[in-house]
Student: 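Sharing a structure, written as structure tokens. Questions coming.
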Amino acid sequence: MDPSEIETERELNPNQSDRIYHLAVDFGGSLVKLVYFTKNDDDEEIPHRMALAKSKTSSGYPVLKGRLQFKKFETSKINDCLEFIKSMKLHLGGCQQQDGPGTQITAVKATGGGAYKYADLFKERLGITLDKEDEMDCLVVHQEAFTYMDGQKEFVQIEPDDLYPYLLVNIGSGVGILKVDGDGKFERVSGTSIGGGTFWGLGKLLTKCKSFDDLLELSYRGDNSAIDMLVGDIYGGMDYSKVGLSSTIIASSFGKAISDKKELEDYKPEDIARSLLRMISNNIGQISYLNALQFGVKRIFFSGFFIRSHPFTMDTLSDAVNFWSKGEAKAMFLRHEGFLGAVGAFMSSYKQDLHELLVDQVDAVNKTQASLDLSIDCTIYAA
Ligand SMILES: Nc1ncnc2c1ncn2[C@@H]1O[C@H](COP(=O)(O)OP(=O)(O)O)[C@@H](O)[C@H]1O
Ligand SMILES: CC(C)(COP(=O)(O)O)[C@@H](O)C(=O)NCCC(=O)O
């Protein structure tokens with residue numbers, strides 16, 4: 001599925017017959033992400049525990065048909081998140097009144113720092129315990145990847161036996177870099193505090209933008225050469241060919257501000273936004289490449305809400321990896337970029353329950369495959 005097929009800002013309003021199973025939450029420094037699974041019994045006149053047997057994928061594995069739903073909130077608006085969960089009855093399994101007593105969810109899979117920070121709040125307001133999963137354990141990559149170069153998106157089919165090792169660079173508030181060697185086999189090898197929070201935080205101060213999307217939108221229209229010092233600015237308009245630096249390459253991010261006799265107000269906010277986005281994306285791309293080099297890894301997957309499928313961000317990250325690796329390493333992006341942690345937490349509970357649902361139907365190996373198929377066959381709604 002192409003990311004553009006993922007609906008955004010859709011008002012989630014399941015009808016009365018939607019059943020909600022499995023809520024998982026990723027509490028990040030900037031955003032809280034919810035993932036939950038709904039199934040409408042009107043679509044299939046079969047009890048959900050039987051649905052698995054009725055439907056099969058092309059691979060022959062049973063699949064539970066339904067919708068994986070996505071929703072995000074700013075972490076600073078945690079009360080809106082609580083209200084949403086309450087109004088959708090997500091903490092009650094969505095439709096407690098239909099299921100009768102005894103179905104109330106008492107624990108919800110949760111990841112990210114807020115799983116600790118907000119544990120008491122959730123217990124107090126919703127009566128649920130946050131069942132904590134480590135956020136690194138929840139960053140999973142399965143059949144999600146595409147490359148992005150010069151405005152061209154290309155989905156990549158990666159065979160499971162050719163997947164490892166890879167680097168996973170999660171650009172959230174900060175940046176975490178994981179080296180993944182196999183299913184569940186990974187290590188956090190590096191990170192940087194110059195990440196999505198830095199772009200949004202500095203951007204807010206420098207441009208007075210009120211929302212992340214406004215800042216991103218602004219950066220589309222900007223020209224970073226108005227504030228960045230380019231190689232050509234230093235070399236009298238020429239390339240520094242001896243070391244392979246063309247005149248258009250940024251020599252020093254924001255460097256022009258040193259000598260320009262200008263105040264902040266004299267620069268266009270869109271140029272500042274553009275320069276900031278390039279600076280942070282380039283830096284992350286370069287650090288990622290250096291880690292890939294250190295660990296002999298050729299593939300780098302980028303995830304996290306900073307990316308937001310933004311063409312310029314993806315182009316810059318791809319360019320940085322391509323430039324520094326001299327074309328040897330590849331930057332890849334993920335369909336569900338920002339929801340990876342939440343989906344990981346969701347899958348950790350889902351696998352357990354799916355195993356229960358599949359009892360007597362498939363063998364242990366197929367059960368795992370079936371849970372992976374589920375993530376692909378679901379209709380995805382993002383809000
Ligand atoms: N609507 C938004 N509000 C705030 N930040 C956003 C938004 N959309 C994208 N971002 C960017 O995504 C980053 C958060 O990414 P995310 O993967 O959710 O990390 P975290 O888990 O730390 O919240 C922010 O720091 C910001 O750069
Ligand atoms: C602390 C974090 C794991 C939290 O994850 P996040 O909410 O940013 O997605 C991440 O911000 C991080 O790895 N920061 C970089 C810290 C460092 O290595 O310098």
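Both counts, for ligands and for their atoms, begin at 1 and track the order of listing.
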Student: With a cut-off of 4.0 Å, which atoms of ligand 1 are near a heavy atom of G28?
Tutor: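 The list of qualifying atoms is 20 (P), 21 (O), 22 (O), 23 (O).
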Student: Between D213 and R308, does any NZ, NE, NH1 or NH2 come within less than 4.0 Å of an OD or OE carboxylate oxygen?
Tutor: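 So R308 pairs with D213 through a salt bridge.
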Student: Cation-pi check for W324 against K326: NZ or CZ below 6.0 Å from the six-membered ring centre and within 45 degrees of the axis, yes or no?
Tutor: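 That pair does not qualify as a cation-pi contact.
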Student: Looking at S30, which atoms of ligand 1 are within less than 4.0 Å of one of its heavy atoms?
Tutor: 14 (C), 20 (P), 22 (O), 23 (O), 24 (C), 25 (O)
Student: For W200, counting its heavy atoms only, list the atoms of ligand 1 lying under 4.0 Å from any of them.
Tutor: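 Listed by number with element: 4 (C), 5 (N).
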Student: Ignoring hydrogens and geometry beyond distance, is a side-chain donor-acceptor pair present between Y267 and D260 at under 3.5 Å?
Tutor: yes
Student: Using the side-chain hydrogen bond (donor to acceptor under 3.5 Å, both in side chains) criterion, which residues pair with T147? Sequence neighbours excluded.
Tutor: none
Student: Check K132 against A115 and note the closest heavy-atom contact, atom names and distance.
Tutor: CE-O, 3.2 Å
Student: Distance under 4.0 Å to a non-hydrogen atom of G304: what atoms of ligand 1 satisfy this?
Tutor: 17 (O)
Student: Less than 6.0 Å separating the ring centroids of F306 and F199?
Tutor: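 F306 vs F199: aromatic centres under 6.0 Å.
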Student: Do K153 and F146 form a cation-pi contact, if we require the NZ or CZ to be under 6.0 Å from the six-membered ring centre and within 45 degrees of the ring's axis?
Tutor: yes
Student: Any nitrogen or oxygen of E74, side chain or backbone, less than 3.5 Å from one on ligand 1?
Tutor: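 Between E74 and ligand 1, no N or O pair is found under 3.5 Å apart.
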Student: Using a strict 4.0 Å cut-off to heavy atoms of G196, name the atoms of ligand 1 that fall inside it.
Tutor: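 Listed by number with element: 25 (O), 26 (C), 27 (O).
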Student: Can you see whether F305 has K33 sitting over its ring - NZ or CZ less than 6.0 Å from the centre and within 45° of the normal?
Tutor: no
Student: Just distances here: any N/O of F199 and N/O of ligand 1 closer than 3.5 Å?
Tutor: no
Student: May I have every N or O pair linking ligand 2 to the protein at under 3.5 Å, one per line with atom names and distance?
Tutor:
unit_1   : atom_1 : unit_2 : atom_2 : d
ligand 2 : 5 (O)  : E135   : OE1    : 3.2
ligand 2 : 7 (O)  : G29    : N      : 3.3
ligand 2 : 8 (O)  : S173   : N      : 3.2
ligand 2 : 8 (O)  : G174   : N      : 3.0
ligand 2 : 11 (O) : G174   : N      : 3.4
ligand 2 : 13 (O) : V175   : O      : 3.4
ligand 2 : 13 (O) : R188   : NH2    : 2.6
ligand 2 : 18 (O) : R188   : NH2    : 3.1

Student: Using a strict 4.0 Å threshold on nitrogen-to-oxygen distance, state whether R278 and D228 make a salt bridge.
Tutor: no
Student: Please find out if less than 6.0 Å separates the ring center of F73 from that of F84.
Tutor: yes
Student: Verify whether one side chain among S303 and N170 offers a donor that lies under 3.5 Å from an acceptor in the other.
Tutor: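 Yes, N170 and S303 have a side-chain donor paired with an acceptor closer than 3.5 Å.
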Student: Could you list the atoms of ligand 1 found under 4.0 angstrom from a heavy atom of G29?
Tutor: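 Those of ligand 1 that fall under 4.0 Å from G29 are 20 (P), 21 (O), 22 (O), 23 (O).
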Student: List ligand 1 atoms under 4.0 Å from R308, heavy atoms only on the residue side.
Tutor: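 So the answer, numbered in order with elements, is 1 (N), 7 (C), 8 (N), 9 (C).
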Student: Could you say whether the N/O atoms of T75 and ligand 1 ever approach to under 3.5 Å?
Tutor: no
Student: If I apply the N/O under 3.5 Å rule, does F212 come out as touching ligand 1?
Tutor: no
Student: Taking atom 22 (O) of ligand 1 as the point of reference, which of G112, G113, S173, G172 owns the nearest heavy atom?
Tutor: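 That would be S173.
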Student: G197 near ligand 1, heavy-atom distance under 4.0 Å?
Tutor: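 Yes; G197 lies near enough to ligand 1 that a heavy-atom distance drops under 4.0 Å.
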Student: Would you check the N or O atoms of L31, main chain and side chain alike, for any that come under 3.5 Å of an N or O of ligand 1?
Tutor: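 Yes, at least one N or O pair falls under 3.5 Å.
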Student: May I ask you to say whether E154 pairs ionically with K330, meaning some side-chain N is under 4.0 Å from a carboxylate O?
Tutor: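 Salt bridge absent between E154 and K330.
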